[in-house]
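Structure record follows, encoded as structure tokens.
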Amino acid sequence: MLSIRNLQASVGDKPILKGINLDVKAGEVHAIMGPNGSGKSTLSNVLAGRENATVTGGSVTYQGKDLLALAVEERAREGIFLAFQYPVEIPGVGNVYLLKAALNAQRKHRGLPELDAMDFLALVKDKMKLMEMNESMLYRAVNEGFSGGEKKRNEILQMVVLEPSLAILDETDSGLDIDALKVVSHGVNSLRSPDRAMILVTHYQRLLDYIKPDFVHVLSDGRIQRSGGPELALELEREGYAWVGDATNEGVVAP
Amino acid sequence: MNPFLTQCRASFEAQATLETEVAERGRRQAEWTRFEALGWPTTRLEDWKYTTLSGLEKLSLQNSVEFVEEVKGGLPSLTLKGIPAPRLVFVDGAFQPDQSMIDGLPKGVHLRFWSDLDAPEREQFVRKMAPARALTAFGALNGALFTEGVWITVDAGCALEAPLHLVKVSRTGQRMSHGAVLLELGENSELTLREHCEGSTDQPTHSNWATAIELAPRARLTLVKVQQEGLLSYHTAALHALQRAGSRLQIFSFALSGALGRNDLTLRLIEPHAECVLKGVYRVADRSLQDFHTSIEHDSPHCTSDECFKGVLEGTGKAVFNGRVRVALDAQKTSSRQSNHNLLLSDKAEVNTKPQLEIFADDVKCGHGTTVGQLDEEQWFYLRARGIAADLARTLLIQAFTLEIAEAIPHVGVREEVRRLLSGTVGESDHA
């Protein structure tokens, strides 16, 4: 599904990604862990197409296409979904409007008819139950005045409505209390399927108690330093990132 | 004398010869003299520093007194579909009884037209209009040249649920229109006035209206004005409001198109616990300018004012916002907020914004803020990351920026209608 080869990227003049290699197959869940400043968020952003990082080398192939040649919105319509670390508030744009426009943009791209208002609302309300969200949130502006937990739930709501082929979750667990984490994880797990892949970007092991990855990669200094199974995350929790040369010598235990 | 003034003088003289009443002729002469004494507004005057009238002064426009028979002839070509009753329609400054629908108004609402008033009533009307006409030179011009006016009074305790529509159409090119609106709301009465300023010609026009408002204690007035005029239309408007104890005035003003718009609004809170809300949007693109000069005068304690204007500037568009707030020495416990936010979407667009706070009382809460910025890149990326096309995402964000103003309109029907106007055809029913 996704093949990253020797990917290099800079933010400003500073090289952040220094040669990433990663293969993600349909049905797999990959966790990318690493200390602050290791390049985790830059990797998610490069995959989603954010312009603030400049790709300086390497390639990314997604479902046989050159991903880096696609515009941000084309990537989304091709089934890539980025759950934002910091979901932005958009006063004046209704949550329900965004969901419908996003879903129909994707359906149109795939040659499917647009959903009418009735079918769309039925679908969304069903998904909101899954995310334990109040329907009134549909009629509020995108993320406006939402708490940190509500914003993350709203991200996952969008994800379960859009049913992406490749979901990238950027620090989705940050700022969540344990109950919200369970709801969010439940939403994510509901999407696990043999034809869908996920990349979980996280600093802490905690999320992986709820969403079990097939593979864990440790990112540091712009490179994947180690890859392994779920046991690698537990090892990181015991020993911290110090061994990969984390300058901040920060632990991985949730605060 | 520039061509505009030359033609104004000709109109004034034509009107004077028609005027049979001596007192009325004298009042108009006084206004003309005042207009001449004030002089043509040029950018050398502080109030007109960023607003050049060089386009208007080249135009030679006829006043409706010179074609009065023609405008009475009815308007088969005009479509006012979608504007429900009750409505008052003025075309090129002349009232159109056939186009208007005012039969169903409640008993407590009275409409009188300038042309039907007797001499003492005219004297009274002009006296009540005077503060609005005193605001600018165009106010004086309005006093000298106005051809029609409507005097709307709402009796004490009368609340009109349906909005009253005031439709002003510039239908014919090379013409100007000068009209007057006098609004008096009795104690504890309520009215929503929806003002439509439209143009149905590509030719130059000038619309110059004056509005005077008096709110008795606890009266509630909402005024929603939308300017959607032609590319060569000039629009000047002066509004003066006097608010008594506990009254609430909410003005929403949307300047969406036209060559040049200049709105002067002065709201005076002269008794305790009066509240005013003054919100607006201006949108300018190539070869257009919108100018809002507002003044909120806290003359009495315990009053509240809430002002917010938002601007969207594209191409070579220009805008001016001058927001004066004056808090008199004894207007203690005043609460006043003002903000002006601008989206500058082109290197060639220009906005001149100036908050002007004059606070003489010491126990007050007054805040103001001004921003000039571009579209938020993070918001733009977020929408695109959900599959929304780059152009549509941009349009949505621009609309969202201005929709916030419409959201505050209390009347749900008017709010929805303005929301649709601001959204064009995009996502008509889905904005939350």
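Below, each value reflects all heavy atoms present in this structure, side chains not excepted, and no hydrogens, waters or symmetry copies. The sequence lines fix the lettering, A, B, ..., with proteins before strands; numbering per chain opens at 1.
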**OP:** Mark yes when over 12 heavy atoms from residues, nucleotides or ligands other than B:Lys318 sit less than 6.0 Å from its NZ; otherwise mark no.
**Re:** no

Subject >> Among A:Ala71, A:Pro91, A:Ala117, residue most engaged with chain B (heavy-atom pairs, under 4.5 Å) >> reply: A:Pro91

Subject >> Contacting region of A:Glu155 [heavy-atom separation from chain B under 4.5 Å] >> reply: side chain

Subject >> Evaluation steps, side-chain contact (heavy atoms from CB on, under 4.5 Å), between B:Gln379 and A:Val142 >> reply: CA-CA 10 Å; B:Gln379 294 178 340; A:Val142 177; over 6 Å; no

Original post:
Between B:Tyr382 and A:Pro87, which heavy-atom pair has the shortest distance, and what is it?
Top reply: CE1-CA, 4.2 Å

**OP:** For residues B:Ala385 and A:Ala76, report the shortest heavy-atom separation together with the two atoms involved.
**Re:** O-CB, 3.3 Å

Subject >> Atom CZ of B:Arg337 with >12 non-hydrogen neighbours under 6.0 angstrom >> reply: no

Subject >> Enclosure of A:Lys108 NZ (heavy-atom neighbours >12, cutoff 6.0 Å) >> reply: no

Original post:
Would you say A:Asp195 has more than 12 foreign heavy atoms packed within less than 6.0 Å of its CG?
Top reply: yes

**OP:** Could you tell me the separation between the CG atom of A:Leu98 and the CD1 atom of B:Ile388, rounded to the nearest 0.5 Å?
**Re:** 5.0 Å

Subject >> Neighbour count >12 (heavy atoms, 6.0 Å) for atom CZ, B:Arg287 >> reply: no

**OP:** Would you indicate whether A:Phe146, at its atom CZ, is surrounded by more than 12 heavy atoms from other residues, nucleotides or ligands within a distance under 6.0 Å?
**Re:** yes

**OP:** Can you tell which part of A:Gln158 gets under 4.5 Å to a heavy atom of chain B, answering side chain, backbone, both or neither?
**Re:** side chain

Original post:
So with a 6.0 Å cut-off around CG of B:Asp347, is the heavy-atom count from everything else above 12?
Top reply: no

Original post:
How many angstroms lie between CZ in B:Arg386 and CG in A:Leu103, if you round to the nearest 0.5 Å?
Top reply: 13.0 Å

Subject >> Contacting region of A:Leu162 [heavy-atom separation from chain B under 4.5 Å] >> reply: side chain

Subject >> Electrostatic pair B:Glu377-A:Arg50, nearest N-O below 4.0 angstrom >> reply: no

Original post:
CD of B:Glu404: more than 12 outside heavy atoms within 6.0 angstrom?
Top reply: no

**OP:** Over all heavy atoms of both residues, which pair between A:Val93 and B:Ala400 is shortest? Give the atoms and the distance, please.
**Re:** CG2-CB, 3.6 Å

**OP:** Would you name the heavy atoms of A:Glu73 and B:Ala390 that are closest together and state the gap between them?
**Re:** OE2-N, 3.3 Å

Original post:
So, are B:Arg384 and A:Glu74 salt-bridged, with charged N and O less than 4.0 Å apart?
Top reply: no

